[in-house]
Amino acid sequence: MSKEVLYSSTRGDKGCIRASQAILRGLAPDGGLYVPDHIPHLEKTLGEISGLSYQETAYEVMKLLLTDYTEEELKYCISHAYDSKFDTEEIAPLSEAGGAYFLELYHGATIAFKDMALSILPYLMTTAAKKNSIQNEIVILTATSGDTGKAALAGFAEVPGTRIIVFYPKHGVSPIQEQQMVTQKGQNTCVIGIEGNFDDAQTGVKKIFTDPELAKYMDSKGFQFSSANSINIGRLVPQIVYYVYSYGKLLKEGRIAEGDPINVVVPTGNFGNILAAYYAGKMGVPIAKFICASNSNKVLFDFFKTGEYDRNREFVLTSSPSMDILISSNLERLIYHIAGDSAEADAKYMKELSTDGKYEITPAMRDQLKDFYGGYATEEETFKTIAELFDNASYLIDTHTAVAAAVYDKYKKETGDKTVTVIASTASPYKFTRSVMNALSKGDDSKDDFALADELCAISGVAIPDAVTSIRNAEIRHKTVVAKTEMESAVKSFLGI
């Protein structure tokens, strides 16, 4: 029997709590993120894992990190999350193209990788509420750069005992992303555009979360906040699964031998997806390099190059909007770990980030980042990669995946490394139809994104996902736009308090 995993704050709130409590809270009271007190090793061999389904792999990973959930509870959550909502039985297929393996994480209800975790989070959360005798209604408060919002809305719509409020940058998401959110049904759902960028939305949400007076007021009205962002450990743990699963798939198909290392390339904004790969490595998946791919907002590239994290720079709107982020929240968890699991050191860095907009880690900490490689792709390189992969391999990718593929090409040229490599393919090309069509030199400014989707389908032979066709003529239900200073008032207004 493995030892129970307990969770504490990266910033020093030393009370260790169980997994279900960390999932319910989302963010620690001191503003820190919950981290496990140890990372257990997989109990099955990689060879044994290679024979498992996605659902069975999920159980093997989650039972080790969500230790206060019973076997029955976890299997219920997993079976209800990874079902016919996904358009493939594999859940996360691997496709070989252009000298790498693309891990397709966009076969869920909202055609983005966020579905992989947000399909299960509502089940984990409602189970946690029962386990902890929570009487309050849980209010999911989320900031989105485009994909988390819709995936969370789809997951929590009409879930009893919950409400969900999503803030997004009004002018910082793709038309399809916005249409997906503003047409969302469900009496318990609320979508609000803010006049600002994603960092403004994320900062506003964190401020609401960490206001003790507001928490007391909410409690008096029968509500409590939780998060569906990747700051919630209930988002991060399910993301570890697909890296374990992809290794098993490569092994099963004879692409690698058991124990062979692989590289992982992840298009990165908030750092959650690549942190999940890091945790998979700690659990026993032999990952040689974590290749962190950035767009023109290359704050992470600069961090891995210099050891200094500096968000004091121009915010760039790109064709990969889910990565248009200058404050990568989940990097805090990695900082905590490479500082020797020191909450004191992490709190100091996060205070510097808040006051000065930057911090610099020690040489000893930098030594622990040798397995990471930071790269970035310009808009031109991103578009070129989409076109070349389609022309040479008849394989269609979105802009975020293209950032990763472009960075991987640079990495190979720079290092000559021929290690088998998995690229996290994080969204369907139909989520960013206009940009993909522009990359293929088929763009037409006179046509809307849905007309372009029809043309992309004709060119590529890739079917338009239901997630796009179903919103084509859907009613716009959410029209609220507020200043970034009005977010708390908007929350109270929706809750009627």
Item to complete: Carefully, step by step, assess Ile386 and Leu440 under the rule side-chain contact (heavy atoms from CB on, under 4.5 Å).
Response: CA-CA 7 Å; Ile386 292 171; Leu440 299 177; 4.2 Å; yes
Worksheet item: Rounded to the nearest 0.5 Å, what separation is found between the CG atom of Asn295 and the CE atom of Met323?
Response: 4.5 Å
Worksheet entry | Side-chain donor-acceptor contact under 3.5 Å, Thr148 with Lys114 | yes
Item to complete: Kindly indicate whether the side chain of Leu27, heavy atoms from C-beta on, has any atom under 4.5 Å from the side chain of Ser227.
Response: no
Discussion item. Applying ring-ring contact (aromatic ring centres under 6.0 Å, His included) to Phe301 and Tyr376, what does each step give before you reach the verdict?
Written reply: CA-CA 6 Å; Phe301 167 78; Tyr376 78 97; 4.9 Å; yes
Worksheet item: Can a salt bridge be assigned to the pair Lys63 and Glu71 using a cut-off of 4.0 Å between side-chain N and carboxylate O?
Response: no
Response to the item:
Residues passing the side-chain contact (heavy atoms from CB on, under 4.5 Å) test with Ala453, sequence neighbours excluded, are Tyr430, Thr433, Ile464
Fill in: Working for side-chain contact (heavy atoms from CB on, under 4.5 Å), residues Glu258 and Ser50
CA-CA 9 Å; Glu258 186 166 355; Ser50 73; over 6 Å; no
Worksheet item: Counting distance only, does the side-chain N/O of Arg163 pair as donor-acceptor with the main-chain N or O of Asn188 below 3.5 Å?
Response: no
Discussion item. Tell me whether the NZ or CZ atom of Lys289 lies within the 45° cone about the ring axis of Phe372 and under 6.0 Å from its centre.
Written reply: no
Discussion item. Under a 3.5 Å cutoff, is there a donor and acceptor pairing between the side chains of Tyr408 and Thr421?
Written reply: yes
Practice prompt. Kindly write out the residues that satisfy side chain to side chain donor-acceptor pair (under 3.5 Å) with Ser319, not counting sequence neighbours, or none if the list is empty.
Written response: Glu379
Discussion item. Within the 3.5 Å criterion, strictly below it, is a donor on Arg333 or Asn330 matched to an acceptor on the partner's side chain?
Written reply: yes
Worksheet item: Should the heavy atoms of other residues, nucleotides or ligands under 6.0 Å from CD of Glu89 be counted, would the total exceed 12?
Response: no
Practice prompt. Report the distance from atom CG of Asn132 to atom CD of Gln21, rounding to the nearest 0.5 Å.
Written response: 5.0 Å
Practice prompt. Taking side-chain contact (heavy atoms from CB on, under 4.5 Å) as the test, write out the residues that go with Gln368, two or more places apart.
Written response: Ile338
Discussion item. Is a donor from one side chain sitting under 3.5 angstrom from an acceptor on the other, for Tyr7 and Arg18?
Written reply: no
Discussion item. For Val173 versus Gly146, what's the shortest heavy-atom pair and its separation?
Written reply: CG1-CA, 3.8 Å
Practice prompt. Spell out, as yes or no, whether a donor-acceptor pair under 3.5 Å connects the side chain of Asp346 to the backbone of Ile335.
Written response: no
Practice prompt. Name the orientation class of the two ring planes belonging to Phe102 and Tyr395 (parallel below 30°, tilted from 30 to 60°, perpendicular beyond 60°).
Written response: tilted
Practice prompt. Indicate whether any N or O donor in one side chain lies under 3.5 Å from an N or O acceptor in the other, for Thr189 and Gln184.
Written response: no
Item to complete: Side-chain contact test, heavy atoms from C-beta onward, threshold under 4.5 Å: evaluate it for Asp302 versus Leu300 and give yes or no.
Response: no
Worksheet item: Does the side chain of Leu153 come within less than 4.5 Å of Ile164's, by heavy atoms?
Response: yes
Discussion item. Would you compute the distance between atom OH of Tyr309 and atom CZ of Phe304 and round it to the nearest 0.5 angstrom?
Written reply: 10.0 Å
Discussion item. Just by distance, no angles: are the side chains of Glu178 and Tyr168 close enough, under 3.5 Å, to form a donor-acceptor pair?
Written reply: yes
Discussion item. Salt bridge (Lys or Arg N to Asp or Glu O under 4.0 Å) for Lys185 and Glu158? Distances and angles first, verdict last.
Written reply: CA-CA 9 Å; Lys185 293 177 181 173; Glu158 306 295 17; over 6 Å; no
Worksheet item: Can you check whether His337 reaches Lys282 side chain to side chain, under 4.5 Å on heavy atoms?
Response: no
Worksheet item: Can you check whether Leu331's main-chain N or O pairs, donor with acceptor, with Ser328's side chain at less than 3.5 Å?
Response: no
Worksheet item: Between Lys3 and Pro40, is any pair of side-chain heavy atoms under 4.5 Å apart?
Response: no
Response to the item:
Minimal heavy-atom distance between Gln239 and Tyr242, with the atoms involved, is NE2-OH, 3.1 Å
Fill in: Donor on one side chain, acceptor on other, Ser79 and Gln55, under 3.5 Å
no
Item to complete: Could you tell me whether a side-chain N or O of Asp260 sits under 3.5 Å from a main-chain N or O of Ala257, the two making a donor and an acceptor?
Response: yes
Discussion item. Please determine whether a side-chain nitrogen of the Lys or Arg among Glu332 and Arg11 lies less than 4.0 Å from a carboxylate oxygen of the Asp or Glu.
Written reply: yes
Discussion item. Applying the side chain to side chain donor-acceptor pair (under 3.5 Å) criterion to Gln202, which one of Asn270, Thr142, Thr144 satisfies it?
Written reply: Asn270
Practice prompt. Locate the shortest heavy-atom distance separating Ala406 from Ala377; write the atom from each residue and the value.
Written response: CB-CB, 3.8 Å
Worksheet item: Does any non-hydrogen side-chain atom of Pro286 lie less than 4.5 Å from one of Leu46?
Response: yes
Practice prompt. Kindly give the heavy-atom pair with the smallest separation between Val5 and Pro36, and that separation in Å.
Written response: CG1-CB, 3.6 Å
Fill in: Main-chain N/O of Ile176 paired with Asp449 side-chain donor or acceptor, under 3.5 Å
no
Discussion item. Looking at every non-hydrogen atom in both residues, tell me the closest pair between Asn232 and Ala22 and how far apart they are.
Written reply: OD1-O, 4.2 Å
Response to the item:
For Tyr373, the side chain to side chain donor-acceptor pair (under 3.5 Å) test, sequence neighbours excluded, returns Glu414
Worksheet item: Do the side chain of Thr401 and the main chain of Thr426 share a donor and acceptor less than 3.5 angstrom apart?
Response: yes
Discussion item. If you define the side chain from C-beta out and look only at heavy atoms, does anything of Leu141 sit under 4.5 Å from Phe167?
Written reply: yes
Discussion item. So, using side chain to side chain donor-acceptor pair (under 3.5 Å) as the criterion, who are the partners of Lys370 when residues are at least two apart?
Written reply: Asp367
Discussion item. Measuring from atom OG of Ser320 to atom CZ of Phe432, what distance do you get when rounded to the nearest 0.5 angstrom?
Written reply: 8.0 Å
Discussion item. Rounded at 0.5 Å granularity, tell me how far CG in Asn136 sits from OG in Ser226.
Written reply: 12.0 Å
Item to complete: Inspect the contact between Asp147 and Lys431 and indicate whether a charged nitrogen and a carboxylate oxygen are less than 4.0 angstrom apart.
Response: yes
Worksheet entry | Worked check of side-chain contact (heavy atoms from CB on, under 4.5 Å) between Thr268 and Asn273 | CA-CA 7 Å; Thr268 309; Asn273 203 2; over 6 Å; no
Response to the item:
Rounding to 0.5 Å, atoms CD1 (Ile140) and CG (Leu121) come to a distance of 6.5 Å
Worksheet item: Do Asp417 and Tyr411 have a side chain donor and acceptor closer than 3.5 Å?
Response: yes
Worksheet item: Just by distance, with hydrogens left out, do Tyr82 and Asp115 show a side-chain donor and acceptor under 3.5 Å apart?
Response: no
Worksheet item: With a 4.5 Å limit on heavy-atom distance, are the side chains of Met62 and Ile120 in contact?
Response: yes
Item to complete: Show the numbers, then the answer: is there a side-chain contact (heavy atoms from CB on, under 4.5 Å) between Leu74 and Leu124?
Response: CA-CA 8 Å; Leu74 261 188; Leu124 293 173; 4.2 Å; yes
Worksheet item: Is the number of heavy atoms from other residues, nucleotides or ligands under 6.0 Å of Lys85 NZ greater than 12?
Response: yes
Response to the item:
Here the ring-ring contact (aromatic ring centres under 6.0 Å, His included) pairs for residues 103-151, sequence neighbours left out, are His80-Tyr123
Fill in: Check: Ser119 side chain, Met116 main-chain N or O, donor-acceptor pair, under 3.5 Å
no
